[in-house]
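Remarks on the structure that follows.
Atoms within each ligand, like the ligands themselves, are counted from 1 in listed order. Here the structure is a predicted model, which is why all the values come from computation and not from measurement.
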Amino acid sequence: MTLLEGKRILVTGIITDASIAFHAAKAAQEAGATVVLTGFGRLSLVKRVAKRLPTEAPVIELDVQNQEHLDGLADSVREHVDGLDGVLHSIGFAPATALGGSFLECPWEDVATTVHTSAYSLKSLAVAALPLMSAGGSIVGLDFDARQAWPAYNWMGVAKAALESVTRYLARDLGPQGIRVNLVCAGPIKTMAAKSIPGFSDLENGWSGRAPLGWDTSDPTPVARAAVALLSDLFPATSGSMVMVDGGFHALGFGTEEIAQAAAGQG
Ligand SMILES: NC(=O)c1ccc[n+]([C@@H]2O[C@H](COP(=O)([O-])OP(=O)(O)OC[C@H]3O[C@@H](n4cnc5c(N)ncnc54)[C@H](O)[C@@H]3O)[C@@H](O)[C@H]2O)c1
């Protein structure tokens, strides 16, 4: 596959080899891209994981809440590549009070951290990468469908709704510079972030029963491939969009098993 031949892609959000970003970086390299990574916090761990990619990729430190890191990002990336054709935002964080716990009692400080890290950061990353994208390109984020309320997802759900809106405003403001901004809206995948969602196992069980194509929570490949497609030249006229990669879950009001039961009841 040479979908990303000659493209320079910045991938954020690897912390383990289960991270969606790890699989996206792997798929991007397999599609011919040169990949540069950013890591948050445990950089030695990220560097170790980076060695497991088909080609080891350099790692730059980036805490999206740290303005100095954001201001220095373009220069740090230039040490490895002379520009960027694409950026993957694969970042989310919520304190325990905001994810699970009581939606009604979560304090503003924790909501603010959640929204800053998980939604505002898409804007921060886009602005930081802008000096490297003078020829246009593609920015892709990772979403969990925020058009409805979920058990336990709470303020992370609100942050994802903000992320969806940030995507549309960035699409508006960066479109004239030839930059597309889109989200891959993924079904549940077993990662470190997912483990911090109380009741994640209920979500994963319910998902595979309802999704018409089925859904494997231990296979991030379909999500990674969708990210590669959006980073490529295959979607030149798509911006401000959410691409659903969830086995078709979002399209059904009832699960296939519930539909079969209802049909059997009628017969
Ligand atoms: N796993 C799922 O079920 C699922 C489903 C839909 C969307 N997503 C989204 O995919 C993205 C990646 O999550 P994942 O599931 O691969 O989990 P993950 O834990 O592997 O990745 C989350 C990443 O966010 C990074 N991060 C947290 N705070 C940061 C900060 N201040 N600055 C920079 N980076 C920071 C972490 O270091 C980590 O690499 C997230 O946006 C998540 O919400 C995940």
Side-chain angles (χ1 to χ4, degrees), residues 10-26 37-50 59-70 73 87-95 98-99 112-122 124-125 128 140-147 150 152-164 166-167 183-208 211 215-224 226-227 242-247 249-250:
L10 185 70
V11 174
T12 67
I14 291 182
I15 190 69
T16 70
D17 60 8
S19 293
I20 293 172
F22 177 84
H23 293 273
K26 181 169 175 279
L37 305 176
T38 73
F40 165 62
R42 296 144 74 191
L43 274 206
S44 56
L45 175 61
V46 180
K47 284 179 182 163
R48 226 179 313 139
V49 177
V59 181
I60 294 164
E61 184 175 21
L62 177 65
D63 172 356
V64 285
Q65 291 190 288
N66 182 321
Q67 195 55 47
E68 273 177 40
H69 286 186
L70 290 163
L73 183 71
V87 177
L88 181 72
H89 177 285
S90 189
I91 293 169
F93 173 74
L99 195 54
T113 302
T114 308
V115 173
H116 190 175
T117 317
S118 313
Y120 183 78
S121 63
L122 181 64
S124 307
L125 181 64
V140 177
L142 265 309
D143 186 26
F144 189 70
D145 191 356
R147 298 169 305 167
W150 300 101
Y153 209 52
N154 294 8
W155 289 100
M156 188 54 140
V158 175
K160 287 298 190 193
L163 180 74
E164 291 171 4
V166 170
T167 298
L183 295 175
V184 175
C185 193
I189 302 285
K190 269 190 198 129
T191 62
M192 204 164 180
K195 276 185 205 146
S196 62
I197 306 172
F200 181 78
S201 54
D202 295 339
L203 201 61
E204 56 177 321
N205 295 338
W207 211 274
S208 50
W215 184 254
D216 180 356
T217 54
S218 53
D219 182 12
T221 318
V223 178
M242 291 156 60
V243 175
M244 313 303 286
V245 183
D246 63 354
F249 180 99
H250 70 281

- Task: Could you walk me through whether Leu183 and Glu164 pass side-chain contact (heavy atoms from CB on, under 4.5 Å), step by step?
- Result: CA-CA 8 Å; Leu183 295 175; Glu164 291 171 4; 3.8 Å; yes

Numbering the atoms of ligand 1 from 1, which are under 4.0 Å from a heavy atom of [X]?
X: Gly92; value: 24 (O), 27 (C), 40 (C), 41 (O)
X: Ile189; value: 1 (N), 2 (C), 3 (O)
X: Leu142; value: 9 (C), 10 (O), 11 (C), 41 (O)
X: Thr191; value: 1 (N), 14 (P), 15 (O), 16 (O), 17 (O)
X: Pro188; value: 3 (O)
X: Asp63; value: 30 (C), 31 (N), 32 (N)
X: Lys160; value: 9 (C), 40 (C), 41 (O), 42 (C), 43 (O)
X: Ser19; value: 16 (O), 18 (P), 20 (O)

- Starting from the C-alpha separation in whole Å, work towards a yes-or-no answer on side-chain contact (heavy atoms from CB on, under 4.5 Å) for Tyr153 and Lys160. CA-CA 10 Å; Tyr153 209 52; Lys160 287 298 190 193; 3.6 Å; yes

- Among Trp155, Phe200, Trp207, the one residue meeting ring-ring contact (aromatic ring centres under 6.0 Å, His included) with Trp150: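 Going through the options one by one, the only one that passes is Trp207.
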
Considering only protein heavy atoms, which is closest to [atom], and at what distance to one decimal place?
atom: atom 37 (O) of ligand 1; value: Phe40 CD2, 3.6 Å
atom: atom 19 (O) of ligand 1; value: Ala193 N, 3.0 Å
atom: atom 7 (C) of ligand 1; value: Asp143 O, 3.2 Å
atom: atom 5 (C) of ligand 1; value: Gly187 O, 3.6 Å
atom: atom 39 (O) of ligand 1; value: Gly13 O, 2.8 Å

Have a look at ligand 1 and work out which part of [X], if any, has a heavy atom under 4.0 Å from it: side chain, backbone, both or neither.
X: Val64; answer: both
X: Thr38; answer: neither
X: Leu62; answer: backbone
X: Thr12; answer: neither

If you compare all heavy atoms of [X] against all heavy atoms of [Y], which two are closest, and at what distance to 0.1 Å?
X: Ala152; Y: Pro198; result: CB-O, 3.3 Å
X: Val49; Y: Asp17; result: CG1-N, 3.8 Å
X: Ala186; Y: Val223; result: CB-CG2, 3.7 Å

- Would Ser90 count as a contact of ligand 1 if the rule is a heavy atom under 4.0 Å away?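 Yes; Ser90 lies near enough to ligand 1 that a heavy-atom distance drops under 4.0 Å.
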
- Ser118 near ligand 1 by a heavy-atom separation under 4.0 Å: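 Contact absent.
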
Atom pair [atom1]/[atom2] of [X] and [Y] - distance to nearest 0.5 Å:
X: Thr167; Y: Leu122; atom1: OG1; atom2: CG; answer: 5.0 Å
X: Met156; Y: Leu99; atom1: CE; atom2: CG; answer: 6.5 Å
X: Asp219; Y: His23; atom1: CG; atom2: NE2; answer: 8.5 Å

- Query: For atom 16 (O) of ligand 1, which candidate among Ile20, Val49, Leu45 holds the nearest heavy atom?
  - Reply: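 Minimum heavy-atom distance to atom 16 (O) of ligand 1 goes to Ile20.
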
- Do Thr38 and Leu73 have side chains that get closer than 4.5 Å, going by heavy atoms?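 Thr38 reaches Leu73 side chain to side chain.
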
- Task: Would you please test Ile15 and Thr191 for side-chain contact (heavy atoms from CB on, under 4.5 Å) and show each step?
- Result: CA-CA 9 Å; Ile15 190 69; Thr191 62; over 6 Å; no

- Message: If you apply the rule side-chain contact (heavy atoms from CB on, under 4.5 Å), what do you find for Met242 with Asp145, and how did you get there?
- Response: CA-CA 9 Å; Met242 291 156 60; Asp145 191 356; 4.2 Å; yes

